[in-house]
Amino acid sequence: MLLPVFTLKLRHKISPRMVAVGRYDGTHTCLAAATQAGKVFIHNPHARSQRLNVSRLLQSPLDSDVSLLNINQAVSCLTAGILNPELGYDSLLVGTQTNLLAYDVYNNSDLFYREVTDGANAIVLGTLGDIPSPLAIIGGNCALQGFDHEGNDLFWTVTGDNVHSLALCDFDGDGKKELLVGSEDFDIRVFKEDEIVAEMAETETITSLCPMYGSRFGYALSNGTVGVYDKTARYWRIKSKNHAMSIHAYDLNSDGVRELITGWSNGKVDARNDRTGEVIFKDNFSSAVAGVVEGDYRMDGHIQLICCSVDGEVRGYLPGGAEMKGNLMDTSVEQDLIRELSQKKQNLLLELRNYEENSKQAESSSPLNESDGQRGIIPANTKLQTALSVNLGSDSQAAHVELRISTSNDTIIRAVLIFAEGIFTGESHVVHPSVQNLSSCIRIPIAPPKDVPVDLHMKTFVGYRNSTQFHVFELTRQLPRFAMYALSNPDPAKEPLSFVNFTVNERVQRVVMWLNQNFLLPEDSEIQNAPFQVCFTSLRNAGHLFIKIKPSGEITVSTDDIDLAGDIIQSMASFFAIEDLQVEADFPVYFEELRKVLIKVDEYHSVHQKLSADMADHSNLIRSLLVRAEDARLMRDMKTMKKRYVELYDLNKDLLNGYKIRCNNHTELLGNLKAVNQAIQRAGRLRVGKPKNQVVSACRDAIRSNNLNMLFRIMRVGTASS
Amino acid sequence: MELTLNRSDYLQVGVTSQKTMKLLPASGRRATQKVVVGDQDGVVTCFGIKKGEVMPVFKTLPGLKIARLELGGALNTPQEKIFVATGSEIRGFTKRGKQFLSFETNLTESIKAMHISGSDLFLCASYIYNHYCDCKDQHYYLSGDKINDVICLPVEKLPCIIPILACQDRVLRVLQGSDMMYEVEVPGPPTVLALHNGNGGESGEDLLFGTSDGKLGIIQITASNPVHKWEMRNEKKRGGILCVDYFDIVGDGVKDLLVGRDDGMVEVYSFDAVNEPVLRFDQPLSESVTSIQGGCVGKDGYDEIVLTTYSGWITGLTTEPVQKESGPGEELKINQEMQNKIASLRSDLEHLQFKVIQEREKYQQSSQSSTAISAVPSFSVNDKFTLNKDDASYSLILEVQTAIDNVMVQSDVPIDLLDVDKNSAVVSFSSADTESNENFLLATYRCQANTTRLELKIRSIEGQYGTLQAYVTPRIQPKTCQVRQYQIKPLSLHQRTHFIDHDRPMNTLTLTGQFSFAEVHSWVVFCLPEVPEKAPAGECVTFYFQNTFLDTQLESTYRKGEGVFKSDNISTISILKDVLSKEATKRKINLNIAYEISEVSVNHTLKLIHPKLEYQLLLAKKVQLIDALKELQVHEGNTDFLIPEYRCILEEADRLQEEYKKQPAHLERLYGMITDLFIDKFKFKGTNVKTKVPLLLEILDSYDQNALITFFDAA
């Protein structure tokens, strides 16, 4: 059994995920973590004598080894590491919703303090691609920004949604690090500098990412899933009812390969094999785990795994030695193996018994009757049929995709359990008709909120009306990506104004195959030769989608939904294995909205500046009022003093009001900035490969130079130069 | 001294019932004992362990499920005859496996509990107790509620035979001949009885009981009255007691108490100088522990605890250390033994796998034929649905012999599913369709690998009744699922008790009409939990109940043609009135319902609620302050400047938070009950006060007892 090599109880709470280990003076290892009330504490157990007694860093009154750093804002991310290689020691980086602070703990000075309008939800420190200096990369609202030690922003790009996790990992094995970004739209994107090289769709918000070994990395989702990817292939994943608070890679059993260490919300810490997900070690804290990091905390030359709980308990572990043979838990491997084999044997025996009993029953029994049904006997040739179709809905029911499940005889379906991720509120959907509504056929409405292909794992309980035991039929069907679009009659009048235009070198049959695979087409629909056009109606908002194909291979997709156009292009690109695709696009309505948003952003920016100036004025006024009031008090002029204090009170009220306005303004600004970032991302998604990256960087330049016409031009044709 | 025990699994038999495994006394030169176990396939297996390998002694043919297995023999000789209860039959085997007795009892039901003492045989079916001597019927007793266990005080020490029945209605019934001497109330439904120290203590009258809610206690059963010695509450919220034994595993010369629980917990208690139990060892296993006994099985010279689990594993927790201190050669040998074992298992598996694939194909082929049927035998589900007194919620425990794949829970009444720490399954709630299909709750529990036991917690609302269904699908081919139903009764939060306070102001509901005793009993069964389904003997019967949430009480007395229900809680009476009239209308029985409402009772109930409400409000307030106070503490470094009240909150912060977490929505439930009380009070007066409920909630928000009482009086 592996035991902690040290245990500490700090008397400070630790905010989840906000833990970092660093050598802020170059030699002594310290633990920094965010705590309550916008503070960051630094636990330094080594240098007791040298006290950092300076304004920003206060010594904690609770613990003599702990210093407190006041941020005065809720800390949203924190890390430590070498930002300036010339300094020779680690810097502490603290991000909030509005700012990023790079702090030199040793000299008690700011390296830089930058305003970041997109907020900093996640931070990672290290070198990215070919950029020579280490960067502090922050992820905020749809945006990624990288700063060097002087605060210059050397890296900027946008991504699909709010960023929740970041990691640096050599994804393609070229010796340079790529940036992994996990965001709220359930995607893990891999950026090779500002080019997206891979996208993996997950089933929930990605809350943590960590590099493991080579191109392998671990991830955690907000629904309690953790797993490991190697490049774009997932090795394994497990789901727990608890949430993974923090993940980290560490070689705990000294076998040369790092394991995935997960800290859970129920206080459990476990280490899992990177290939199989098998648990090789676990331990328990009394409260939720806040962070898992590593560092030489005892300064004895060995790197320990350090786990911290939200209540301030810190435990350090050293890898198990050779004598433990990688067996870190309190059990004997042989005993476990025997138990597992016996269990398998027992299961097989049971299965065998099931078949024996079954054939015995089959021989003895006469035709079926009701009492047989109760015992769970059904005709052996009972089959289950499933069909997916589009239901256009009625007055009482919105349009949806209909899943029809029926049995081939008089048996009834007692209940259907569908396990599918991302399309129901939970991970499953249950249909359980009341006794009087039981029948051999069930229709289940499904309305996937996003256009993603989903596997529906169905478990159907088949039996008779009075059965207490049912047969479980397990089936899997795939819901096509664009299931929520119904084929309709082309009506030129309804053709949307917006369109995308591109050319593919594919035979028409291949395009038809793509259509068949990604849409729910009625069985009798024949698609003629090129040129042809198909028209779909969205079941969500009744919007129209036209796809026209000319014999030359030119395809026009007309839809007002820019996201849908992007999805279609990405889906086609992967189906036809297209690497680069330049697209001509026009979305007049959307572009007009974007123009308005951009104007609004300018307005909010100017309001923001004005408010800041007002605030500075007010604080000057307060200072002088206070001095005057105190003067009056010293001179025993109570009347004036009272007057001054009343004025001060009013001014304070004004300040508070101003603050509220500032807050509102800020949230509005954030919302609009997100819209802008998303627009760039969407424009990028209309293209594939190189053109995609060109669009993103060109858009960004256009926004920097505030050239709106240029921006729209780029979005339309894909390049800046005419 | 620290007690360390190492687990080693010996053998797996079929699913086992409670108390079906015994160790045969050691005989001859050999110090190791043999294990005899009976399973639900009806097989009795006897085996010993030689050099770490299982050496079978005998195995009988399958038959009816074995409910109990006991050892017996002439008094004062080694007890080495094996008796098993299967169906309504008792079979006797010698230790070599020769059947010497087959005794078909005259019981119509199957035997549930058995005790053997010399030539006396004590048997219990669900409600019936029978005493045989040399297989001749001696005495008979019909119990008021289900009998869970039977025992008889040691006949060597006492002048007469005193059998004791452990009954579901929370009493031990002490008999003499065919008559009951007296009843002893115990704190929970007793599930197991044992003689203290294995012999009943010095007097031979000390009896240990364990309850289904995890409590233990010792009662001295004297000739005239019971003396409670000690009782151990279930502070850690562990499972119910299924089996106990006395054995000196610590090795200090005093017998220790070994306990097996239905949540898989194995515990060892030692007794200190004043004979109070002290927990020495506990180890969780993953499934119910059905039998437990101390002895020496695996290796000569090392004592161990032998236990069986629900799915039929026979496991030893031995004092033998895992790491051998002897030379390196020996360790190698042990490894060799293990390797052999694994190799033989693997070859078994391969053989089986082949056979299974063949059978699977055959099964697949049968699906082509139009006349063939597919019948899969039912698997056994061990379930328990009980009301917890502490937080007035139900816990549902499901246990299957193989790993569970998923459990789907459906209910046609509004209930809340609460999170249970122990359960690791991923829960997912499905949107409920109340209108067309009467589903108020639809949820799936997807279990992690190797989960054989699942615990759910359910909160019900009194007055809303219906059925909760659990569809259990185990991980075995061909896949089947079994449905289990559980009734949520109208007065679901009531619990049987044996004493009530007669001085409280009571509201009375009287039913008269043309109905039989059985009919009125069935209504009571329908409305209230913990009432035996069989109508009790006699003409008139009285049951007492207690509301576990509010501590109000209910007395129900009924006979043919008349039923009287008295409660100090007007809501209880209101629910009963609604349900009973509905039931009677359904069966087309003409009922006269009369009620007598006591105005004072409302204020009395409010006073009962008051301390609970006040406590909860204070707790909520304190918990709210904790974070802010902690921040102040961090900022200032000490707490000297705080008023003592706040300092006290800080000191108790952890305890307060834990308590607050333990009873979620407690305040809302109290508010709900006060609102019901308010509506019901005026319903009996014939006025509808639903419009005034918002006003009441306002008063509750700024709670003051007097204001509330005034509001109740004034409205």
Side-chain angles (χ1 to χ4, degrees), chain A residues 12-13 35-37 60-62 224 239-241 266 332 334-335 337-339 341-342 344-355 357-358 361-362 365 368 372 375-382 415 417 419 424-430 432-434 437 459 461 468-472 474, chain B residues 7-9 12 322 338 341-342 345-346 348-349 352-353 355-356 359 362-363 366-370 372-378 402 406 408 410 421 424-431 436-439 442 444 446 471 473 476-483 627 630-631 633-638:
Chain A
H12 292 270
K13 293 241 176 207
T35 183
Q36 295 160 313
S60 162
L62 289 179
K239 190 172 172 189
S240 159
K241 69 166 186 170
N266 62 345
S332 101
E334 281 97 356
Q335 277 281 356
L337 187 63
I338 288 178
R339 211 168 292 157
L341 289 175
S342 310
K344 247 188 209 158
K345 183 176 160 187
Q346 198 68 21
N347 277 347
L348 287 175
L349 281 172
L350 266 173
E351 188 177 340
L352 213 55
R353 205 194 65 182
N354 281 351
Y355 293 129
E357 290 279 322
N358 182 34
Q361 287 280 350
S365 80
L368 282 173
D372 282 338
R375 297 203 324 265
I377 298 174
I378 60 167
N381 61 352
T382 306
L417 271 60
F419 286 88
F424 306 122
T425 43
E427 59 167 22
S428 70
H429 180 69
V430 182
H432 183 275
S434 62
N437 290 343
K459 292 177 199 288
F461 299 170
T468 53
Q469 183 154 338
F470 298 92
H471 287 252
V472 180
E474 290 180 316
Chain B
R7 179 175 169 182
S8 65
D9 297 328
Q12 191 175 17
V322 183
M338 282 286 198
K341 220 171 167 178
I342 290 169
L345 263 173
R346 277 194 202 281
D348 274 7
L349 267 179
L352 268 171
Q353 213 122 36
K355 227 167 136 185
V356 164
E359 288 290 326
K362 235 162 84 192
Y363 179 74
S366 78
S367 73
Q368 306 297 326
S369 130
S370 57
I373 55 158
S374 166
V376 172
S378 59
T402 57
N406 67 70
M408 195 262 278
Q410 180 267 345
D421 282 342
S424 64
V426 179
V427 61
S428 159
F429 292 93
S430 191
S431 54
S436 54
N437 288 322
E438 296 163 359
N439 294 318
L442 283 173
T444 55
R446 192 166 53 83
Y471 291 81
T473 314
I476 189 159
Q477 294 295 331
K479 274 229 168 153
T480 52
C481 96
Q482 217 176 86
V483 55
D627 264 348
K630 279 212 168 145
E631 204 178 313
Q633 187 185 18
V634 170
H635 208 263
E636 300 295 327
N638 61 43

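We name chains A, B, ... by the order of the sequence lines, and we start the count at 1 in each one.
With a 4.5 Å cut-off on non-hydrogen atoms, B:Asp9 touches chain A through its backbone and its side chain both. For B:Ile476, the part lying under 4.5 angstrom from a heavy atom of chain A is the side chain only. For a residue to count as touching a neighbouring chain, one of its non-hydrogen atoms must lie under 4.5 Å from one of that chain's; by this rule B:Asp627 touches chain A with backbone and side chain alike. Within the 4.5 angstrom heavy-atom criterion, atoms from both the backbone and the side chain of A:Leu350 approach chain B. Only the side chain of A:Asn437 has a heavy atom closer than 4.5 Å to any heavy atom of chain B.
Among A:Lys13, A:Lys344, A:Gln346, the residue making the largest number of heavy-atom pairs under 4.5 Å with chain B is A:Gln346. Your options are A:Thr35, A:Leu417, A:Asn266, and the one with the most heavy-atom pairs under 4.5 Å with chain B is A:Leu417.
Shown here are the side-chain hydrogen bond (donor to acceptor under 3.5 Å, both in side chains) partners of A:Glu474, two or more places apart in sequence or in another chain: A:Lys459, B:Lys479.
The aromatic rings of A:His429 and A:Phe424 sit parallel to each other, their planes meeting at less than 30°, with 60° as the upper class boundary. The aromatic rings of A:Phe470 and A:Phe461 sit parallel to each other, their planes meeting at less than 30°, with 60° as the upper class boundary.
For the 3.5 Å distance criterion, the side chains of B:Tyr363 and B:Glu359 fail to qualify, holding no donor opposite an acceptor.
If you take CD1 on B:Ile342 and CG on B:Leu349, they are separated by 11.5 Å, rounding to the nearest 0.5 Å.
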- Query: Given the rule in the side-chain contact (heavy atoms from CB on, under 4.5 Å) test, do B:Phe429 and B:Leu442 qualify, once you have shown the distances and angles that lead to the verdict?
  - Reply: CA-CA 6 Å; B:Phe429 292 93; B:Leu442 283 173; over 6 Å; no
